[in-house]
Amino acid sequence: MLINDETQKQVLTILAKTAVTPTADVQERASSLLQLNPGQQVKAEIIANLPNNLYLARVAGELYKLEIPLNVQPGETLELTFVTADPRVTFQMLRPQTESVQLSSMGKWLADVVQNAPVLPSAQDPLVEHPEQVAAQLAGRLKTSLTQNGLFYESHLAQWALGGLPLKELLKEPQGKLSRMLSEREGGSAGEETAGGAIADGRTLPLIKEQLHLLNTGVLAWQGEAWPGQEMRLVIGEGGAEQWEQGIEANLALELPRLGGVKAHLRFTPEGINVELVCDRPGASELLRQGSGELRTSLASQGLHLNKMAAKDG
């Protein structure tokens, strides 16, 4: 395959544990080509060296130009993790190991979890009961859903051991609900025993798989209903290593009755928040721009400064 089409000449900047994205003018094509799920690993096969620290590589069956701050040679393969396609196609990469490592039994078990454990299901209950409750309750309910979903259980367990977290809060998390302590408090049995002295309760394997993904990529994903019938997907991660990209980034996708499909990219920095909105329905972006003053005021009431807001029809 020859790279004679400008839409295929994508430049990916690859840094250790850093998000990488194709250039903006090829996002739509890249998104359609990459039929991947968040967390899925792909290989970048180095085909040839190019001038100015660029390399020709094949990623997911397509040829790309990669800018790589590592000394790699044709024939080598780099491991990438697909993060998201909304609103930008984003990958992350870890620096390859230079020394061989012999896995312990725990390491082999963790590798098996990553390979075979089922996917963590979406949140079952809507965050709020009615859309009218969004402004007052959605933020608090979303925070609770993110922090009590079991991904941070070990950290919370340490806080409880130091007296910094009430036991009742710890027992609200999935691992807490499976714990012997909760069973004894409720006067029941200790629950089913793990088969053959397994390292962990089999019911927690989806959580462990998601924890490993979070540690590897630094990306936290939430999917469920904001209110009944309103699906929402939120992806949160650290910004890039470059100074102008530092901070926390969030990608939010909604299908709204009046505005249609809306994708929001938010970047949180010490100076404030940058918001980029892409709307599926023609004219919806103008409605959002008209409400930018209200958004600025609402953020200011929470002690947050809106640096800029951009909205366009996709």
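Quick note: residue numbers are just sequence positions, from 1. Below, all heavy atoms of this structure are taken into account, side chains as well, without hydrogens, waters or symmetry copies.
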Asks: Heavy-atom count around Glu294 CD within 6.0 Å, excluding the residue itself: above 12?
Replies: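 No, CD of Glu294 has 12 or fewer neighbouring heavy atoms, counting only those of other groups under 6.0 Å.
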Asks: Under the 3.5 angstrom rule, does the side chain of Glu76 hit a backbone N or O of Gln73 as a donor-acceptor pair?
Replies: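 Side chain of Glu76 to backbone of Gln73: a pair is present.
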Asks: Would you indicate whether the side-chain heavy atoms of Leu151 and Leu207 approach each other to under 4.5 Å?
Replies: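 Yes, at least one pair of side-chain atoms sits under 4.5 Å.
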Asks: Are side-chain heavy atoms of Leu299 and Gln302 found at a separation under 4.5 Å?
Replies: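 SC-SC contact between Leu299 and Gln302 ruled out.
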Asks: For Leu170 and Tyr153: C-alpha separation, side-chain torsions, deciding distance, then whether side-chain contact (heavy atoms from CB on, under 4.5 Å) applies.
Replies: CA-CA 8 Å; Leu170 192 66; Tyr153 180 74; 3.7 Å; yes
Asks: Rounded to the nearest 0.5 Å, how far apart are CH2 of Trp222 and CG of Leu252?
Replies: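 Output value for this atom pair is 10.0 Å.
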Asks: How many angstroms lie between NE2 in His305 and CZ in Arg296, if you round to the nearest 0.5 Å?
Replies: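 Output value for this atom pair is 6.0 Å.
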Asks: Could you give the distance from CE (Met309) to CD1 (Ile273), rounded to the nearest 0.5 Å?
Replies: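 Interatomic distance, Met309 CE to Ile273 CD1, rounded to 0.5 Å: 12.5 Å.
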Asks: Closest approach of Pro257 and Gln230, non-hydrogen atoms and distance?
Replies: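 Answer, listing the atom of Pro257 first, then Gln230: CD-OE1, 4.3 Å.
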Asks: At their closest point, which heavy atom of Pro206 faces which heavy atom of Arg203, and how far apart are they?
Replies: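 Answer, listing the atom of Pro206 first, then Arg203: CD-O, 3.7 Å.
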Asks: Rounded at 0.5 Å granularity, tell me how far CG in Leu277 sits from CG in Asp313.
Replies: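 So the gap between those two atoms works out to 11.0 Å.
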Asks: Which heavy atom of Ser292 sits nearest a heavy atom of Leu306, and at what distance?
Replies: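 Heavy atoms of Ser292 and Leu306 come nearest at O-CD2, 4.3 Å.
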Asks: Would you say Glu45's side chain and Gly75's backbone share a donor-acceptor pair under 3.5 angstrom?
Replies: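 Not a single qualifying donor-acceptor pair exists.
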Asks: Step by step, work out the side-chain contact (heavy atoms from CB on, under 4.5 Å) result for Tyr55 and Asn49.
Replies: CA-CA 5 Å; Tyr55 297 84; Asn49 297 70; 3.2 Å; yes
Asks: Counting distance only, does the side-chain N/O of Arg233 pair as donor-acceptor with the main-chain N or O of Ala253 below 3.5 Å?
Replies: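 Pair absent, no side-chain N/O of Arg233 close to backbone of Ala253.
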Asks: Looking only at side-chain N and O atoms, does Gln148 offer a donor or acceptor that is under 3.5 Å from a partner on Glu169?
Replies: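 Indeed, the side chains of Glu169 and Gln148 share at least one donor-acceptor pair under 3.5 Å.
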Asks: The test is side-chain contact (heavy atoms from CB on, under 4.5 Å); show your working for Glu173 and Thr147 and say whether it passes.
Replies: CA-CA 9 Å; Glu173 300 189 37; Thr147 56; over 6 Å; no
Asks: Can you find a pair of side-chain heavy atoms, one from Lys312 and one from Val278, that are under 4.5 Å apart?
Replies: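 SC-SC contact between Lys312 and Val278 confirmed.
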Asks: Between the main-chain N or O of Arg141 and the side-chain N or O of Ser145, is there a donor-acceptor pair closer than 3.5 Å?
Replies: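 No.
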Asks: Any chance you could measure Arg281, atom CZ, to Arg258, atom CZ, to the nearest 0.5 Å?
Replies: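 Arg281 CZ to Arg258 CZ: 10.0 Å, rounded to 0.5 Å.
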Asks: What's the shortest heavy-atom distance between Phe152 and Leu220, and which atoms?
Replies: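 In this case the closest contact between Phe152 and Leu220 is CZ-CD2, 4.0 Å.
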Asks: How close do Leu259 and Leu288 get, heavy atom to heavy atom, and via which atoms?
Replies: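 Closest heavy-atom pair between Leu259 and Leu288: CD1-CD2, 3.6 Å.
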Asks: Examine distances only and state if a side-chain atom of Asn251 and a backbone atom of His265 form a donor-acceptor pair shorter than 3.5 Å.
Replies: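 Not a single qualifying donor-acceptor pair exists.
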Asks: May I ask you to decide if Ala311's main-chain N or O and Arg289's side chain share a donor-acceptor pair within less than 3.5 Å?
Replies: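 Confirmed, Arg289 side chain pairs with Ala311 backbone.
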Asks: Within this structure, what is the NE2-CG distance for the pair His156 and Leu171, rounded to the nearest 0.5 Å?
Replies: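 Reported value, rounded in 0.5 Å steps: 13.5 Å.
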Asks: Counting only N and O atoms by type, is there a donor-acceptor contact under 3.5 Å from the side chain of Asn307 to the main-chain atoms of Asn274?
Replies: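 Absent.
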Asks: Which heavy atom in Ala284 sits nearest to a heavy atom in Cys279, and how many Å separate them?
Replies: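 Answer, listing the atom of Ala284 first, then Cys279: CB-CB, 3.7 Å.
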Asks: Would Met232 and Leu142 satisfy side-chain contact (heavy atoms from CB on, under 4.5 Å), going step by step from the backbone distance to the final call?
Replies: CA-CA 11 Å; Met232 184 178 82; Leu142 180 59; 4.2 Å; yes
